[in-house]
Amino acid sequence: MTSLVQPRLVNDPFGDAGLYLDFRYARRALLFDLGDLAPLSPRKLLRVSHIFVSHAHMDHFCGFDRLLGVCLGRPLRLELFGPPGFVDRVQHKLAAYSWNLIAGNAVDFVIGVAELHGDSLARAAEFHTRDSFQRRDVAPPVIENGILLDDEECRVRAVVLDHGIPCLAFAFEEKLRINVWKDRLRRFGLPVGPWLTDLKKAVRRGEPDDTLITIPSVTPDRRSERTFPLGQLKAEVLHIEPGERIVYVVDAVYHAANAGRIVELARDADQLFIEAPFLDEDAAIAARKLHLTAAQAGSLARRAGVKRVVPFHFSPRYVAQPERLHQEVEAAFTGASAGPVGHR
Ligand SMILES: [Zn+2]
């Protein structure tokens, strides 16, 4: 079945961190981390509605300027989420420029920013082009359990990992995967049309089975509409499956608490994008730099029972031998190796 989103790493595995989730049937995308965004066209960046930044090391945040340049002058609102201190960082980025020529513009580009502290939002602010991006503090939205985004289509949850500083890891969940059996529509004499989108939304909202769904007539000469109970349409014309889960983990030191949080977040994920910067033979360096090794990443993926693991964020020291990192992740993931053996 076709997924709701198509995930793509923004850069090659040696480049800056970033994952772009493109919605297949809507002009919408989500972005995890703001490293080098050069590979993303303005058209792709303008589809982004929410951005989730793990932490503010340069290779995760330096793309903010390009995003800003592309969005300026457009009536957009972007929602950014990040770790403690993130509102200040966005404020400082915006304060680095002069805005006298666009302040007061009719078109207002707005950036909403919120910080995750533990599993709730503790600070939030808005920055409007019209105000020369002066900070306006606002009440942070009330959330539970680290759920940063929750709409009809998807949910994004974050947990805080230890990278010497707080670093967020994210799980994207498609709500339900709903496809229409076209041949059955024909059999019932039902038309294809926008009512199917409304039907899917009603299912995702969890509306009761006796909710009546109105379906327009197929024949232009007869303007009568028909109604069917939602439960009947679910059973007879829809194919419904649990949604896809995609998890994004970067920059974390390997210790029991981090490992436990990563495994819990990634449990049974369809795809786990996880950093694997160092070989396990260099585990002492990885530990000093507060990163995972490839074997550690693979063993975490195995413990979480994910279906597919995609390693990235490789250290440039292995630029001539990326296959060693891939192989080490794969061996730990499949159980072909005993997992991490180096410095813990
Ligand atoms: Zn980092």
Side-chain angles (χ1 to χ4, degrees), residues 9-20 30-39 51-67 80-90 92-93 113-118 146 148 156 158-171 247-263 265-266 272-280 282-298 300-301 309-319 322 325 329 340 342-344:
L9 287 171
V10 175
N11 294 290
D12 72 61
F14 288 98
D16 286 359
L19 182 70
Y20 183 84
L30 304 179
L31 187 56
F32 296 87
D33 271 340
L34 283 176
D36 179 4
L37 299 180
I51 299 173
F52 306 91
V53 175
S54 62
H55 64 305
H57 281 155
M58 265 194 89
D59 53 337
H60 299 257
F61 193 42
C62 65
F64 179 85
D65 284 19
R66 173 163 152 77
L67 179 80
L80 270 68
F81 298 92
F86 192 58
V87 173
D88 285 348
R89 295 186 188 284
V90 172
H92 295 322
K93 280 268 193 192
V113 189
E115 292 178 9
L116 186 74
H117 294 228
L148 301 177
V156 173
V159 296
V160 183
L161 302 178
D162 170 18
H163 176 47
I165 53 175
C167 178
L168 307 186
F170 305 99
V247 174
Y248 177 85
V249 175
V250 285
D251 296 34
V253 64
Y254 189 71
H255 58 44
N258 266 357
R261 285 187 206 116
I262 293 168
V263 169
L265 186 74
L272 170 62
F273 291 82
I274 187 166
E275 70 151 6
F278 296 96
L279 287 171
D280 213 48
D282 294 323
I285 302 171
R288 199 165 62 244
K289 292 181 178 278
L290 307 167
H291 280 287
L292 300 176
T293 69
Q296 289 161 356
L300 290 168
V309 58
V310 182
F312 71 112
H313 212 21
F314 296 168
S315 163
R317 70 174 48 222
Y318 310 107
V319 74
L325 291 159
V329 170
H343 181 96
R344 303 296 163 95

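In this text the structure is predicted, and so the values were computed from the model without any measurement. Both counts, for ligands and for their atoms, begin at 1 and track the order of listing.
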| request: Please work out which of the three classes, parallel, tilted or perpendicular, describes the rings of Phe32 and Phe52, given edges at 30° and 60°. | output: parallel

| remark: Output field for angle at the Zn ion (ligand 1), His163.NE2 vs His55.NE2, rounded to 10°, should show 110°

| said: As a test of reading the structure, name the N/O/S atom of Asp251 that is nearest the Zn ion (ligand 1). | reply: OD2

| By atom name, which N, O or S atom belonging to His57 lies closest to the Zn ion (ligand 1)? | ND1

| So, His291 and the Zn ion (ligand 1): N/O/S under 2.8 Å, yes or no? | no

| field | Check: His313/His291 side-chain N/O donor and acceptor closer than 3.5 Å | value | no

| query | Parallel, tilted or perpendicular for Phe312 and Tyr248, by the 30°/60° rule? | reply | tilted

| Would a distance-only check, ignoring hydrogens and angles, find a side-chain to backbone donor-acceptor pair under 3.5 Å from Asn11 to Asp36? | yes

